[in-house]
Amino acid sequence: MSMTWVERQIRNTSLRQLGACLLMLAFAAAVVLENVQFLDNYARGVVAMSQDQVRAVTSLPQLSRNWVALQADKVVSTGVYSRHKYDHAIFSIAQLGDRLLLIKAAPDRVLDARALSGGLLAADMETIDRISRLVKRSGDAGAAFLPVMLDTEKYTSAAVAAVLILIAVPLVLVALIGGRALSRLNAPSSHPDLRAVCSQSANALEMLSARLEHDIATARSALKLRGHVRITDTHVLQRGWFRFRLMPLSDMLYAYSMTTTTLMYGVIPTSRSHSLMLYFSDQKMRAPVRKAQTAEVMEHLGRVAPWVLLGHARELDKAYKKNRSRLIDLVAARRKLVAAGSP
């Protein structure tokens with residue numbers, strides 16, 4: 001049995017969602033590969049190093065584990081801050097015998113020369129050049145620095161949590177979105193917006209699909225809204241790249257147009273956007289529109305769905321939130337009057 005037009009739209013949306021899931025999986029895998037040594041070091045814990053061991057390090061590949069704890073002769077703050085926009089770390093210098101170790105730490109961290117810990121990284125030579133004039137030593141001050149530096153924030157709980165979140169969030173989204181997309185790919189009629197249609201009769205979905213396909217092909221441009229939204233004579237249809245929604249006008253309760261003004265500094269208007277707020281018995285939609293469309297779309301709704309309450313009223317918003325069943329009954333009564341031909 002061939003699929004209907006509506007089912008094909010749902011399958012296409014599901015395929016795009018699965019494609020997005022593959023991209024998220026690739027991102028999570030890339031984060032894991034980028035941080036596999038970091039996570040391994042954190043899992044194995046901090047390793048103590050003597051001053052001689054630290055001074056002997058000439059390059060990072062020498063270290064199998066770079067989360068270290070060490071003691072210094074003394075620690076002196078340089079007052080030099082990181083130049084990166086979102087990095088507010090401050091640099092200090094630790095003396096290890098006749099060599100100097102650059103330390104990067106959060107401004108509020110108190111450094112104890114007897115208990116230093118963090119990740120050993122390649123030294124920031126630009127920062128060393130900036131602070132070398134502060135080191136009161138004979139000869140070239142830069143030569144006294146070790147080729148590695150200590151980042152005290154490298155293995156904090158916050159740093160590890162940030163990496164784990166970057167891995168976990170895509171995986172959770174893949175599980176939620178991918179599982180739903182696979183289900184709808186195999187059975188498009190399982191989409192919640194189609195269940196009520198499929199329960200009506202054996203060919204209800206085929207008839208609805210044929211009518212929607214015809215309406216989409218012949219609809220006036222005024223009913224083609226932004227955000228891939230179409231309003232036909234019977235339904236509101238949204239066919240986005242990653243979303244499919246199909247809502248019958250018979251379930252619409254009320255609708256109104258809304259203008260949003262963006263203010264700069266809370267005073268100067270910089271832009272205005274227009275949209276339609278559409279409220280249904282079990283969901284709602286905000287559809288962006290052009291200003292010239294709003295009146296025409298509202299007129300269209302008044303013609304094809306005269307039972308719908310048009311225009312904004314706080315009482316309607318309050319009823320929708322706190323007493324929706326009564327609002328549904330009110331609109332249902334209006335729909336019966338329309339069906340009976342009453343004015």
Side-chain angles (χ1 to χ4, degrees), residues 4-10 188-225 227-239 243-258 275-289 293-343:
T4 64
W5 179 84
V6 170
E7 290 174 313
R8 290 197 301 272
Q9 304 309 309
I10 294 176
S189 58
S190 65
H191 192 286
D193 289 347
L194 296 189
R195 291 172 189 166
V197 178
C198 295
S199 64
Q200 293 175 3
S201 64
N203 62 343
L205 182 58
E206 289 80 359
M207 295 175 58
L208 172 62
S209 181
R211 179 168 183 176
L212 285 174
E213 188 175 12
H214 175 268
D215 289 346
I216 293 299
T218 60
R220 296 175 296 133
S221 60
L223 301 182
K224 182 179 180 181
L225 313 183
H228 306 282
V229 176
R230 292 277 190 130
I231 300 181
T232 72
D233 288 351
T234 58
H235 286 76
V236 177
L237 174 67
Q238 184 179 30
R239 290 188 299 161
R243 192 171 194 181
F244 179 90
R245 299 174 74 182
L246 181 63
M247 294 155 285
L249 294 183
S250 58
D251 284 347
M252 185 181 290
L253 304 177
Y254 70 105
Y256 60 86
S257 61
M258 182 171 65
S275 57
L276 288 175
M277 296 300 301
L278 309 176
Y279 289 81
F280 297 82
S281 58
D282 58 349
Q283 58 185 315
K284 61 183 178 180
M285 171 188 284
R286 180 174 180 173
V289 294
Q293 282 185 306
T294 55
E296 194 166 0
V297 173
M298 296 294 280
E299 181 182 348
H300 174 78
L301 289 175
R303 178 173 56 84
V304 301
W307 57 85
V308 174
L309 301 169
L310 301 179
H312 181 259
R314 291 183 179 179
E315 292 77 8
L316 291 177
D317 290 338
K318 184 177 180 181
Y320 190 83
K321 292 178 181 178
K322 298 183 177 181
N323 196 3
R324 190 179 304 180
S325 59
R326 183 177 179 183
L327 181 60
I328 292 174
D329 292 341
L330 171 64
V331 175
R334 287 169 57 89
R335 190 165 58 249
K336 289 180 180 180
L337 291 176
V338 171
S342 299

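FYI, side chains are in, hydrogens and waters are out, and symmetry mates aren't considered; it's all heavy atoms of this structure.
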Legend entry - Residue pair Pro306 / Val308, side-chain heavy-atom distance below 4.5 Å: no

Legend entry - Considering all heavy atoms, the nearest Met298-Ser257 contact: CE-N, 4.3 Å

Inset, instruction - State, to 0.1 Å, how close Thr4 and Ser209 come at their nearest heavy-atom pair, and which atoms those are. - result: CB-OG, 3.4 Å

Inset, instruction - Check Arg245 against Asp193 and note the closest heavy-atom contact, atom names and distance. - result: CA-OD2, 3.4 Å

Inset, instruction - List the atom of His235, the atom of Leu212, and the distance in Å for their closest heavy-atom pair. - result: CB-CD2, 4.0 Å

Inset, instruction - Answer yes or no: is there a side-chain heavy-atom contact under 4.5 Å between Ile10 and Leu194? - result: yes

Legend entry - Arg211 versus His214, side-chain donor and acceptor atoms under 3.5 Å: no

Legend entry - Shortest non-hydrogen contact from Leu249 toward Asp233: CD1-O, 3.6 Å

Legend entry - Nearest-0.5 Å distance that lies between atom NZ in Lys284 and atom CG in Leu278: 11.5 Å

Inset, instruction - Just say parallel, tilted or perpendicular for the rings of Tyr256 and Tyr279, cut-offs at 30° and 60°. - result: parallel

Legend entry - Under the side-chain hydrogen bond (donor to acceptor under 3.5 Å, both in side chains) test, residues paired with His312 that sit two or more places apart: Asp317

Inset, instruction - Determine yes or no for a side-chain-to-main-chain donor-acceptor pair under 3.5 angstrom, with Arg230 supplying the side chain and Gln238 the backbone. - result: no

Legend entry - For Ile328 against Ser281, the heavy-atom pair lying closest together: CD1-CB, 3.8 Å

Inset, instruction - Not counting sequence neighbours, which residues clear side chain to side chain contact (heavy atoms under 4.5 Å, CB included) with Arg239? List them please. - result: Trp5, Gln9, Ile216, Leu237, Phe244

Legend entry - Rounded distance [0.5 Å steps], CD in Glu296 versus NE2 in His300: 9.5 Å

Inset, instruction - Please examine the side chains of Leu309 and Arg334, heavy atoms only from C-beta on, and report whether any two atoms are closer than 4.5 Å. - result: yes

Inset, instruction - Please step through side-chain contact (heavy atoms from CB on, under 4.5 Å) for the pair Leu208 and Leu246, ending with a clear verdict. - result: CA-CA 11 Å; Leu208 172 62; Leu246 181 63; 4.0 Å; yes

Inset, instruction - Measure the CE-OG1 distance between Met258 and Thr294 for me, rounded to the nearest 0.5 Å. - result: 12.5 Å

Inset, instruction - Nearest 0.5 Å please: distance from the CG atom of Leu301 over to the CE atom of Met252. - result: 5.0 Å

Inset, instruction - Measure the CH2-NZ distance between Trp307 and Lys336 for me, rounded to the nearest 0.5 Å. - result: 14.0 Å

Legend entry - Atom pair OH (Tyr254) and CG (Leu327), whose distance is rounded to the nearest 0.5 Å: 7.0 Å

Inset, instruction - Please indicate whether Gln283 has more than 12 foreign heavy atoms, meaning atoms of other residues, nucleotides or ligands, lying under 6.0 Å from its CD. - result: yes

